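Below is one structure; the comments refer to it alone.
Computed from a predicted structure; not experimentally measured. The first residue in the sequence is number 1, and the count goes up from there. All values below were derived from every heavy atom in this structure, side-chain atoms included, with hydrogens, water molecules and symmetry-related copies excluded.
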Amino acid sequence: MMRKLAVTLALATTALSTPAFARDDAWYVGVEGGAMLVEDIHFDVGASQDAVTQNNHAGYDVGGEIGYDFGPFRAEAEVSYRRSRVDSARSSIPTAILFANGATGTTAAGSYEEASGSTSALSFMVNGLLDFGDDNGLQGFVGGGAGVARIKNRLRMAGAADVLNDSDTVFAWQALAGVRAPINDKVDVSLKYRFFNAPDVKLVDIGGNQWKGRYRSHSLLVGLTYNFGAPEEPVAPPPPPPPPAPEAKVCTPGPYIVFFDWNKSDITPEAASILDNAISNYADCSNTKVVIAGYTDRSGSASYNVGLSQRRADTVRSYMGGKGIPDAAMSAQGFGESNPRVPTADGVRELQNRRVEITYGPGSGM
């Protein structure tokens with residue numbers, strides 16, 4: 001079963017073609033589940049060392065985590081639950097048993113292939129993980145964690161009679177390693193190996209004897225992680241500067257285009273440089289009409305975007321007026337998400353659509 005899980009995830013990760021977005025500096029939540037093997041549990045019973053050995057079937061391991069990605073390092077809180085059934089038991093001493101009707105008895109030393117019951121561990125851990133590899137593709141990680149675990153064990157060596165039915169809360173630690181890859185800009189898929197160790201479990205059997213042992217398990221888990229960080233927007237290159245003016249003064253009507261940050265109407269330093277150039281060229285245009293048109297991308301509602309585009313146009317008008325362009329020569333209007341430079345689907349953030357265009361002269365405008 002564990003081999004099939006590994007092959008399935010390997011095929012899934014090699015088939016991925018969607019580029020990943022940065023996970024850094026963002027919260028995330030995840031769920032995971034898979035197959036688990038519990039090592040044989042060797043119990044010291046009273047003064048007898050290694051008196052009872054319990055063998056377990058393969059079981060399951062499920063859990064979830066919430067964490068924060070600092071970049072190369074992640075910190076997370078995790079809760080997980082693992083359970084397996086008892087396969088067989090071996091005892092070197094007689095052990096007390098309790099029947100369902102309240103009667104007691106004793107088992108003899110020996111092997112019990114018909115033994116039954118279950119063992120489980122509910123754990124609450126704090127993990128630290130180191131990531132390595134390309135953050136925009138297949139990435140590996142290693143780490144570990146520590147916390148507390150509630151270990152519960154029920155053992156029946158013969159028939160329906162309990163030998164042990166008790167639980168203990170103990171310190172636990174674990175080691176982790178795995179790989180993860182993006183499905184889309186928010187969701188990652190992962191394959192994780194977990195070694196879990198609760199080293200000092202103390203239980204009391206139905207005869208009042210203390211059983212001491214350790215709980216160790218090995219898990220292979222498939223997980224899904226949702227990242228809350230917003231995708232990084234590509235940085236658009238600045239528009240090319242206008243061609244050098246010839247010796248004879250010629251009006252350069254534009255358009256002069258300045259870009260804005262998402263949901264902002266502030267003039268950036270790059271936009272100020274372009275506006276200053278447009279203002280200096282205005283002197284060659286015989287004080288003609290100045291048309292200022294504002295636009296947005298499609299990431300907001302249409303009605304909100306009209307207002308945002310108008311604020312961007314008004315900000316540019318105010319800036320140019322402060323540099324000497326007569327207010328009466330300028331008109332400013334917002335057109336919302338209409339007339340995009342880069343056509344996109346609704347809701348997509350696109351830097352080149354968040355702009356204001358300035359044109360001079362007759363026939364200037366949209």
Side-chain angles (χ1 to χ4, degrees), residues 1-2 5-6 9 13 22-42 56 58-84 118-133 135 138-153 167-182 186-203 212-229:
M1 180 178 180
M2 297 175 71
L5 288 173
L9 187 72
T13 54
R23 310 176 180 102
D24 298 350
D25 301 318
W27 289 95
Y28 64 89
V29 294
V31 293
E32 58 193 11
M36 175 201 66
L37 294 175
V38 178
E39 294 184 6
D40 288 353
I41 303 176
H42 299 275
N56 302 280
Y60 62 87
D61 186 347
V62 295
E65 60 272 337
I66 180 171
Y68 190 84
D69 193 333
F70 293 93
F73 175 77
R74 284 182 286 143
E76 64 183 26
E78 171 204 282
V79 57
S80 61
Y81 178 76
R82 53 201 62 79
R83 187 176 188 273
S84 63
S118 65
T119 183
S120 64
L122 173 64
S123 62
F124 301 88
M125 311 291 282
V126 176
N127 300 326
L129 300 167
L130 291 175
D131 297 323
F132 54 90
D135 197 43
L138 187 65
Q139 187 178 68
F141 59 88
V142 294
V148 296
R150 184 71 172 175
I151 309 298
K152 185 174 183 179
N153 203 92
S167 61
D168 190 18
T169 300
V170 297
F171 168 79
W173 60 268
Q174 62 186 2
L176 306 168
V179 293
R180 61 175 182 166
K186 290 289 188 181
V187 180
D188 296 339
V189 62
S190 66
L191 177 66
K192 178 194 292 185
Y193 165 75
R194 185 211 310 276
F195 170 70
F196 180 83
N197 185 30
D200 190 24
V201 179
K202 297 177 182 178
L203 307 172
K212 296 180 181 179
R214 67 185 181 190
Y215 179 98
R216 286 184 173 181
S217 65
H218 305 264
S219 303
L220 188 62
L221 308 170
V222 175
L224 289 175
T225 302
Y226 181 85
N227 303 287
F228 289 99

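- The nearest pair of heavy atoms linking Leu191 to Leu220 is CD1-CD1, 3.8 Å.
- Taking OH from Tyr68 and OH from Tyr28, the interatomic distance works out to 11.5 Å, rounded to the nearest 0.5 Å.
- Atom CG of Asp168 sits about 8.0 Å away from atom NZ of Lys202, to the nearest 0.5 Å.
- Taking all atoms of both residues into account, the shortest heavy-atom contact from Gly145 to Asn127 is CA-OD1, 3.2 Å.
- By the 4.5 Å heavy-atom criterion applied to side chains, Ile41 and Asn153 are counted as neighbours.
- Between Trp27 and Gly67, the shortest heavy-atom contact is CE3-O, 3.2 Å.
- For the atom pair Leu130 CG and Phe141 CZ, the distance stands at 11.5 Å (nearest 0.5 Å).
- The shortest side-chain heavy-atom distance between Thr119 and Ser84 falls under the 4.5 Å cut-off.
- Residues Tyr81 and Ser120 share a closest heavy-atom pair of OH-CB, 3.5 Å.
- Between the side chain of Asp188 and the main chain of Thr225, no donor-acceptor pair closer than 3.5 Å is present.
- Here Gln174 contributes atom CD and Ser217 contributes atom OG; the two are 8.5 Å apart, rounded to the nearest 0.5 Å.
- The closest side-chain heavy-atom distance from Tyr60 to Met36 is not below 4.5 Å.
- Cation-pi geometry between Arg82 and Tyr215 is not met: the NZ or CZ atom fails to fall both under 6.0 Å from the ring centre and inside 45° of the normal.
- Atoms NZ and CG, on Lys192 and Leu221 in that order, are 6.5 Å from each other to the nearest 0.5 Å.
- The shortest side-chain heavy-atom distance between Arg83 and Lys152 does not fall under the 4.5 Å cut-off.
- Side-chain contact between Val189 and Leu224 is present, with at least one heavy-atom pair separated by less than 4.5 Å.
- Residues forming a salt bridge (Lys or Arg N to Asp or Glu O under 4.0 Å) with Arg194 (at least two apart in sequence, or on another chain): Glu32, Asp61, Glu78.
- Taking Asp69 as the reference, Arg180 meet the salt bridge (Lys or Arg N to Asp or Glu O under 4.0 Å) condition, with sequence neighbours excluded.
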